[in-house]
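Small disclaimer: the values here were computed from a predicted structure and weren't measured. Both ligands and their constituent atoms are indexed starting at 1 by order of listing.
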Amino acid sequence: MGNRKMADTYSEPTPLDDIFDESYREKDGPKPPMIIVWRNVVLMSLLHLGALYGIFLIPSACSLTLLWAVLCFVVSALGVTAGAHRLWSHRSYKASLPLRLFLAFANSMAFQNDIYEWSRDHRVHHKYSETDADPHNAGRGFFFAHIGWLLVRKHPDVIEKGKRLELTDLKSDRVVMIQRRFYKLSVVLMCFLVPMLVPWWLWGESLWVSYFIPTLLRYALVLNATWLVNSAAHMWGNRPYDVNINPRENRFVTFSAIDLFAGEGFHNYHHTFPFDYSTSEFGWRLNLTTCFIDLMCALHLASDCKRAARDVVRSRVQRTGDGSHRG
Ligand code: ST9
Ligand code: ZN
Ligand code: ZN
């Protein structure tokens with residue numbers, strides 16, 4: 001099949017600004033004070049209270065509404081994993097215009113900052129992991145890496161180093177720049193109006209239930225699943241590919257099951273080979289995003305999937321792994 005052929009084409013990593021920079025040193029002296037952004041604290045608290053309330057409403061929802069919530073979850077997750085992450089942050093495959101448009105709308109449904117900002121922060125995260133220049137530096141603890149970083153002003157090094165990143169590929173992608181320009185409007189439409197109005201319009205669900213389940217609860221779940229990769233996957237688990245870095249393979253951490261299902265739980269592999277479109281060496285196993293990209297390749301909507309060569313992975317496992325690799 002065409003898609004398998006493309007997926008098996010092993011390629012060299014693209015020279016992107018997402019490679020760990022060992023030369024960076026944190027500045028000496030006291031750390032800058034932490035400035036809390038109270039607006040974000042209030043909004044995030046309200047979102048999570050609304051999502052909790054949504055859980056209690058589940059028994060009163062139509063089954064179609066619950067199915068719709070799952071569909072919105074999957075679409076928003078793909079906007080993050082296949083879109084902002086594997087396509088735009090790492091350029092691990094190429095996507096046609098229709099696919100990029102779909103992924104941009106799906107990304108707005110996930111409401112995690114626009115693609116440009118997400119990818120810039122993510123490249124700086126890979127390049128300066130676990131340092132002051134990492135936006136969600138896991139060295140500052142679970143809470144900071146998970147949500148705390150969105151509740152305080154950024155460390156100046158994140159901005160300083162981020163401004164030096166090579167981002168011309170993002171700037172020259174019209175889909176990325178148009179999504180950035182109309183970001184607020186696209187979020188109102190995709191994250192709030194569409195998830196809320198479809199169940200009400202098509203099968204008569206109450207607006208109340210539609211607001212709390214497919215909208216707020218689904219949004220909060222996708223956010224937390226994503227944040228777990230920054231927190232849990234940087235703290236707990238094995239390091240079969242590189243024991244010298246913090247990101248882990250946390251397949252046994254139960255609460256990251258969603259990330260594993262999406263194919264983003266293989267985080268030690270991903271930080272070692274960030275250009276690999278599959279973020280894992282195990283193909284479709286626990287990797288819905290890879291299934292999706294392969295399907296897109298089969299439909300000729302995606303191409304040029306990059307993979308780490310098997311022998312390179314194997315020698316890396318032997319050279320720097322922690323011995324837990326089970327090929
Ligand atoms: C969200 C993002 O949730 C989640 C990202 C997660 C990433 C996970 C990755 C893991 C791998 C993928 C796994 C996927 C798994 C999915 C599974 C799904 C099932 N470089 O930002 P400001 C500039 S968002 C260069 O205001 P402050 C900036 O351009 C949630 N420059 O900083 C600006 O300059 P200018 C919803 C940078 O004031 C200036 O600095 N959104 C960089 O410190 C100020 O920028 C929110 O909650 C950079 N890296 O505020 C909103 N960064 O003025 C959150 C900044 O010239 N954001 N600059 O334009 C905010 O409110 C603020 O950003 C802040 C910091 C309060 C956090
Ligand atoms: Zn990444
Ligand atoms: Zn990471």
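- Counting non-hydrogen atoms of other residues, nucleotides and ligands closer than 6.0 Å to NZ of Lys184 gives a total of 12 or fewer.
- Considering only residues two or more places apart in sequence or on other chains, Asp242 meets the salt bridge (charged side-chain N to carboxylate O under 4.0 Å, His left out) condition with Arg316.
- In summary, the side chains of Trp118 and Gln112 do present a donor paired with an acceptor at a separation below 3.5 Å, with no hydrogens or angles considered.
- Ligand 1 is surrounded by Val37, Asn40, Met44, Phe73, Ala77, Val80, Thr81, His85, Phe111, Gln112, Asn113, Trp118, Arg120, Asp121, His122, Trp149, Leu150, Val152, Arg153, Lys154, Val158, Ile159, Gly162, Lys163, Tyr219, Leu223, Ala225, Thr226, Trp227, Val229, Asn230, Ile258, Asp259, Glu264, each with at least one heavy atom closer than 4.0 Å.
- No chain of hydrophobic side-chain contacts below 4.5 Å, direct or via other Ile, Leu, Val, Met, Phe, Trp or Tyr residues, connects Ile245 to Leu16.
- The count of protein N, O or S atoms under 2.8 Å from the Zn ion (ligand 3) stands at 4, with waters excluded from the count.
- Across Leu217 and Gly54, no two heavy atoms sit closer than the pair CD2-C, 4.1 Å.
- Contact check for Lys127 versus Ile19: no side-chain heavy atoms found under the 4.5 Å cut-off.
- When ring centroids are compared, His125 and His234 come within the 6.0 Å threshold.
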Run the side-chain donor-acceptor check on residues 37-46: report pairs under 3.5 Å with partners two or more places apart or on a different chain.
| from | atom 1 | to | atom 2 | distance (Å) |
| --- | --- | --- | --- | --- |
| Asn40 | ND2 | Leu150 | O | 2.7 |
| Ser45 | OG | Val41 | O | 2.6 |

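- Open room surrounds CZ on Phe105; 12 or fewer heavy atoms of other groups in view lie less than 6.0 Å from it.
- Vertex the Zn ion (ligand 2); arms to His90 atom NE2 and His85 atom NE2; angle 100° (nearest 10°).
- Here the options are Val209, Leu66, Thr65, the test is side-chain contact (heavy atoms from CB on, under 4.5 Å), and the partner is Pro199; only Thr65 passes.
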